[in-house]
Number of protein chains: 2
Amino acid sequence: MNRPTLRDVAQAAGVHPATVSRALNPQTRQLVNADTAQRVLRTARSLGYRPNPFARTLKTARSATVGLVIPDLTNPLFPPIVRGLEDVLGTAGYGVWVVNTDNDEQREAAAIESLRARNVDGYVLATARLNHPLIDELAAENVPVLLVNRRTERADIPSVTPDDASGVALAMRHLVELGHRRIVHLAGPQSLSTGYQRLRAFRYALHDHGLPDAPELVVECESFTEDAGAKAVQRLLDDDVEFTAVLAGNDLLAVGCYDALEERGLSCPADVSVVGFNDTRFMDKLHPPLTTVRIPHYDIGAEAARLLLEGLNQPQRHARSVLLPLSLVVRASTAPPAPRTRAT
Amino acid sequence: MNRPTLRDVAQAAGVHPATVSRALNPQTRQLVNADTAQRVLRTARSLGYRPNPFARTLKTARSATVGLVIPDLTNPLFPPIVRGLEDVLGTAGYGVWVVNTDNDEQREAAAIESLRARNVDGYVLATARLNHPLIDELAAENVPVLLVNRRTERADIPSVTPDDASGVALAMRHLVELGHRRIVHLAGPQSLSTGYQRLRAFRYALHDHGLPDAPELVVECESFTEDAGAKAVQRLLDDDVEFTAVLAGNDLLAVGCYDALEERGLSCPADVSVVGFNDTRFMDKLHPPLTTVRIPHYDIGAEAARLLLEGLNQPQRHARSVLLPLSLVVRASTAPPAPRTRAT
DNA sequence: TTGAAAGCGCTAACAT
DNA sequence: ATGTTAGCGCTTTCAA
């Protein structure tokens, strides 16, 4: 026999389909006699009844799904975010459609379009650039939109992001306390809030510690990749810039830095201390294990889910943004600088 | 104005909704006059019409979605599989629901139930154990089921898996050619096809190379984790087992092996060569970079998608299973053994 | 080649 | 407290 429908349950229980609907929905169960409700629930279970979500969505115009837009699932940053989001939204009865953009604007447009076609009830975007017209458009529609990990310039779009400024401050304090004075920042793309905020915080930190803001100590990388990190450090060494420590804009840049140092026969931390950002998987297995700022990625996803649920349940409510606290994980890649400034 | 429906398009184009439906569906477009079809397509586009997938599913009883069951998305093995699957299925108009089981039977049952509730048209399972009644049940239903990465005992359930036997043979040949004779295998769980097949292949390889099958050279690990790998190697060293190389059942076991060697002051590859399995991300950044058997995870997902589509389109067709070829990635963790057998 | 009509399974306004 | 009714948007059989 085919999958039983609500009518089948109604027939078996000797009531009208509408009664079954009311009895099965916890929201409306009190509208129906307790005994009948019991009977309905039992027959539903005995028949192995499962509501058809498509029929429900067609009727209610709410799909109980949300869309998550990320650059690339194989970037180790995102799986924990996805799980945090799914775990919390799943409890609330929502499913999550995950789409990848590979940092390509066209693919992003197509991805968002595919979510639109699926009638998602809300959007979570991990692809925000500071200036991002597509997101502005989306936010103008009548659907909750939430940014994770990165933000846009616009303060009115709610977001869940790491407290980049505090993270950089932690890392810088650590380096300064170790005795470093010539600290390089491998800055991420300045079109991204993460890249931008971390550079900004770096400059603040220099000021706070009474260190000069020397322009040659900042390298802007075009992307958050190993390759960009390696190139940046190679350039610094080629230019004979003196430094004893590197604060990388993220872990991949730090890994690239490791590569460049090794290639030039420099040792970490003996010659150069390195700090990363994110504490992605296996950063503790590098050689040396990487000191890095830990971002609670799972919590970013979970908190995003909570905020989105608020927006879904009370659309009129004023949107909030959340900064999640970070912590510094000290490992062997940072140590006091060599007695004298490294001679290049 | 609200999202336009098929009726809106029909009205604007001056035709019956049924005609619009026929014109919009490439399958039935030839049933309608070419000019009318053109006109319908244009008005649909100009109105920004998007078909409602829920209405379609309700009518056709096909959801155009498949379910993917994996242990844990944060295991770096799975993101590439997910992407391969999504990329190919997406092209065919299917969406993928991903659910995690965390290697817990109850959660697996709940996960599969959630997919059932969503009316998925097919299942892809990455959680197979050799003996797996739940999968047998699922396969008995009238829905395509496909296994990836691991298989069950039953040969009649189609699967896409790595050619573990060949992979082990490659690794063993490499070690033997380097001169190793006392080679340890850190075997994965024997309840999983991967753990089982690789151990089996290890024994075959010993035989092929005329090496003795010494029982003390095999350690069965309870799980594919760093911790299990470290414990296994600690035990070998405690027991004074002599060996010059380790063939780990997967990369995580190899990483655990690294940890144990370092803890005991042994050096890789000077004292012990190590080979991993999977070539997951960052294995090239370990110290030393890990020689490992590369598994084409993206291709596993992509091939699974193709096979599943076959099953979806031609249910009567005989199911096939596919073994994907592996390759050995030689890095610095393997070298000829020290002149004399290591004295313990 | 196009139109008419029915119905997929569910919910919600209204009636009793 | 329960039943009646209509309809969400689409596809598909049948009729013209």
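Letters A, B, ... mirror the listed sequences (proteins, then strands); counts begin at 1. These values consider heavy atoms only, across backbone and side chains, with no hydrogens, waters or symmetry-generated copies.
- The CG atom of L130(A) lies 10.0 Å from the CD1 atom of I135(A); values are rounded to the nearest 0.5 Å.
- Ranked by how close their nearest DNA chain C nucleotide is to the 5' end, L58(A) and T28(A) are led by L58(A).
- Here dA13(C) presents its C1' atom at 13 Å from CG of L31(A), a figure rounded to the nearest Å.
- Whole-Å rounding puts the Q27(A) CD to dT11(C) P distance at 12 Å.
- Taking atom CG of L6(B) as the reference point, atom P of dT11(D) lies 6 Å away to the nearest angstrom.
- Side-chain contact between H132(B) and E137(B): absent, with no pair of heavy atoms (C-beta onward) separated by less than 4.5 Å.
- Rounding to whole angstrom units, CG of residue L24(B) and P of dG9(D) are separated by 16 Å.
- No hydrogens or angles considered: nothing links the side chains of N52(A) and R3(A) as a donor-acceptor pair under 3.5 Å.
- Here dG9(C) presents its P atom at 22 Å from CZ of R62(A), a figure rounded to the nearest Å.
- Proximity note for V15(A) (side chain, C-beta onward) versus dG3(D), dG3(C), dC10(D): the nearest is dG3(D).
- Taken residue by residue, residues 44-56 of chain A places heavy atoms nearer than 4.0 Å to DNA chain C at Y49(A), P51(A), N52(A), A55(A), R56(A).
- Here D299(B) contributes atom CG and R306(B) contributes atom CZ; the two are 7.5 Å apart, rounded to the nearest 0.5 Å.
- Residue T36(A) places at least one side-chain N or O closer than 4.0 Å to OP1 or OP2 of dT2(D).
- Taking both residues in full, the closest heavy atoms of N100(A) and P71(A) are given as CB-O, 3.7 Å, listed atom of the first, atom of the second, then distance.
- In this structure, CD of Q11(A) is placed 15 Å from C1' of dG9(C), rounded to the nearest angstrom.
- Annotation: of the two residues near DNA chain C, R22(A) and K59(B), the 5′-most nearest-nucleotide partner is K59(B).
- Atom CZ of R3(A) and atom P of dG9(C) are 10 Å apart (whole Å).
- Remark: T19(B) is in phosphate contact with dG3(C), judged by side-chain N or O atoms under 4.0 Å from OP1 or OP2.
- Taking atom CZ of R29(B) as the reference point, atom C1' of dT1(C) lies 16 Å away to the nearest angstrom.
- Residues L138(B) and D136(B) form no side-chain contact, since every pair of their non-hydrogen atoms from C-beta on lies 4.5 Å or further apart.
- Between Y94(A) and R62(A), the shortest heavy-atom contact is OH-NH1, 3.6 Å.
- Taking side-chain N and O atoms only, S21(B) has no distance below 4.0 Å to OP1 or OP2 of dC10(D).
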